[in-house]
Amino acid sequence: MDYHIDEADIHSLLSNAVEKMVNQALGASRQNSGLSKQPLSVVEIISRMESSVRSPVELRETVLRVGSLELDLIDRTAKRGNRQIDLRPREFQLLKYMMQRSDQLLTRAALIKDVWHYKFVPKTNRIDVHMGRLRRKVDGSNDDSMIRNVRGEGFVLSATPALSKTLPGLRRLKQRAPTPTTSNNV
């Protein structure tokens with residue numbers, strides 16, 4: 001079989017392909033802005049495509065920082081100062097969650113719901129085990145402690161060396177906590 005393609009056929013195929021691409025790229029804007037069906041010049045097509053590309057796009061943060069602690073969300077790496085921290089996948093999720101909420105009190109119930117995606121709060125020491133492992137990795141032997149346990153309340157990730165009593169969330173918990181009453185029944 002001998003296939004022979006004329007120059008006119010090639011031109012027709014190319015113009016049909018370009019027309020389809022332009023219609024797909026500009027179809028929505030033509031419909032919305034009520035533009036006529038007249039052919040567009042190459043300059044018009046390029047300028048419209050560039051303006052749609054230049055539209056503001058929400059920038060997402062790819063590196064979280066709390067004090068000297070850095071978490072790269074793209075490379076999935078962590079470091080404190082110049083020291084690399086090797087994290088397991090769950091530790092990475094836990095640290096990311098805590099860094100996004102630095103200086104906030106995170107209860108065990110919130111951690112089990114938001115990091116482990118449980119629908120209930122099981123009776124388990126899973127959080128304490130993971131938090132202990134993460135704390136040993138993040139807080140090196142010569143570093144100030146960044147991950148702190150608030151006894152009976154939860155955990156806080158903070159760059160400040162001393163835990164403040166005015167941390168967001170801690171005040172609310174203190175207000176909700178029932179005060180112990182003494183009973184004089186003998």
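- Between I112 atom CD1 and K119 atom NZ the span is 12.5 Å, to the nearest 0.5 Å.
- L106 places a side-chain heavy atom less than 4.5 Å from the side chain of Y97.
- Taking OG from S68 and NZ from K79, the interatomic distance works out to 10.5 Å, rounded to the nearest 0.5 Å.
- By the 6.0 Å contact criterion, NZ on K137 is enclosed, its count of non-hydrogen atoms from other residues, nucleotides or ligands being greater than 12.
- Closest approach of S145 to D139, counting heavy atoms only: OG-OD2, 3.3 Å.
- Here the NZ-OH distance, from K113 to Y118, works out to 15.0 Å after rounding to the nearest 0.5 Å.
- Counting heavy atoms from C-beta on, the side chains of N149 and D128 never come closer than 4.5 Å.
- Note that CG of L111 is 5.0 Å distant from CD1 of I127, once rounded to the nearest 0.5 Å.
- With hydrogens and angles ignored, the 3.5 Å screen pairs no side-chain donor or acceptor of R108 with any backbone N or O of N125.
- The side-chain contact (heavy atoms from CB on, under 4.5 Å) search around R76 returns F92, not counting sequence neighbours.
- In this structure, V150 and V156 approach most closely via the heavy-atom pair CG2-CG2, 3.7 Å.
- For the pair R80 and E70, the salt-bridge criterion is not met [side-chain N within less than 4.0 Å of a carboxylate O].
- M99 and L71 get closest at one heavy-atom pair: SD-CB, 3.6 Å.
- Note that the CD atom of Q100 and the CG atom of L95 stand 10.0 Å from one another [nearest 0.5 Å].
- In this structure, R148 and S158 have side chains that are in contact, with non-hydrogen atoms separated by less than 4.5 Å.
- Placement of V63 and M146 in two distinct hydrophobic clusters is found when ILVMFWY residues are connected by side-chain heavy-atom separations under 4.5 Å, directly or transitively.
- Shortest non-hydrogen contact noted between V66 and S102 is CG2-CB, 3.7 Å.
- Within the model, atoms CG of L87 and CG of L134 stand 6.5 Å from one another, a figure rounded to the nearest 0.5 Å.
- At least one donor-acceptor pair closer than 3.5 Å links the side chain of R83 to the backbone N or O of V138.
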Self-check item: Criterion side chain to side chain contact (heavy atoms under 4.5 Å, CB included) on R136 and M131, from CA distance to verdict
Solution: CA-CA 9 Å; R136 285 188 294 277; M131 199 60 75; over 6 Å; no

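- No donor-acceptor distance shorter than 3.5 angstrom exists from the side chain of Q93 to the backbone of R90, with no hydrogens or angles considered.
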Quiz item: Would Q104 and F155 satisfy side chain to side chain contact (heavy atoms under 4.5 Å, CB included), going step by step from the backbone distance to the final call?
Solution: CA-CA 8 Å; Q104 293 180 17; F155 300 92; over 6 Å; no

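- The main-chain N or O of I147 is found under 3.5 Å from a side-chain atom of R135 such that the two form a donor-acceptor pair.
- For D86, the side-chain contact (heavy atoms from CB on, under 4.5 Å) test picks out no residue, with sequence neighbours left out.
- Scanning for side-chain contact (heavy atoms from CB on, under 4.5 Å) contacts around T77 gives D72, D75, Q84, with sequence neighbours left out.
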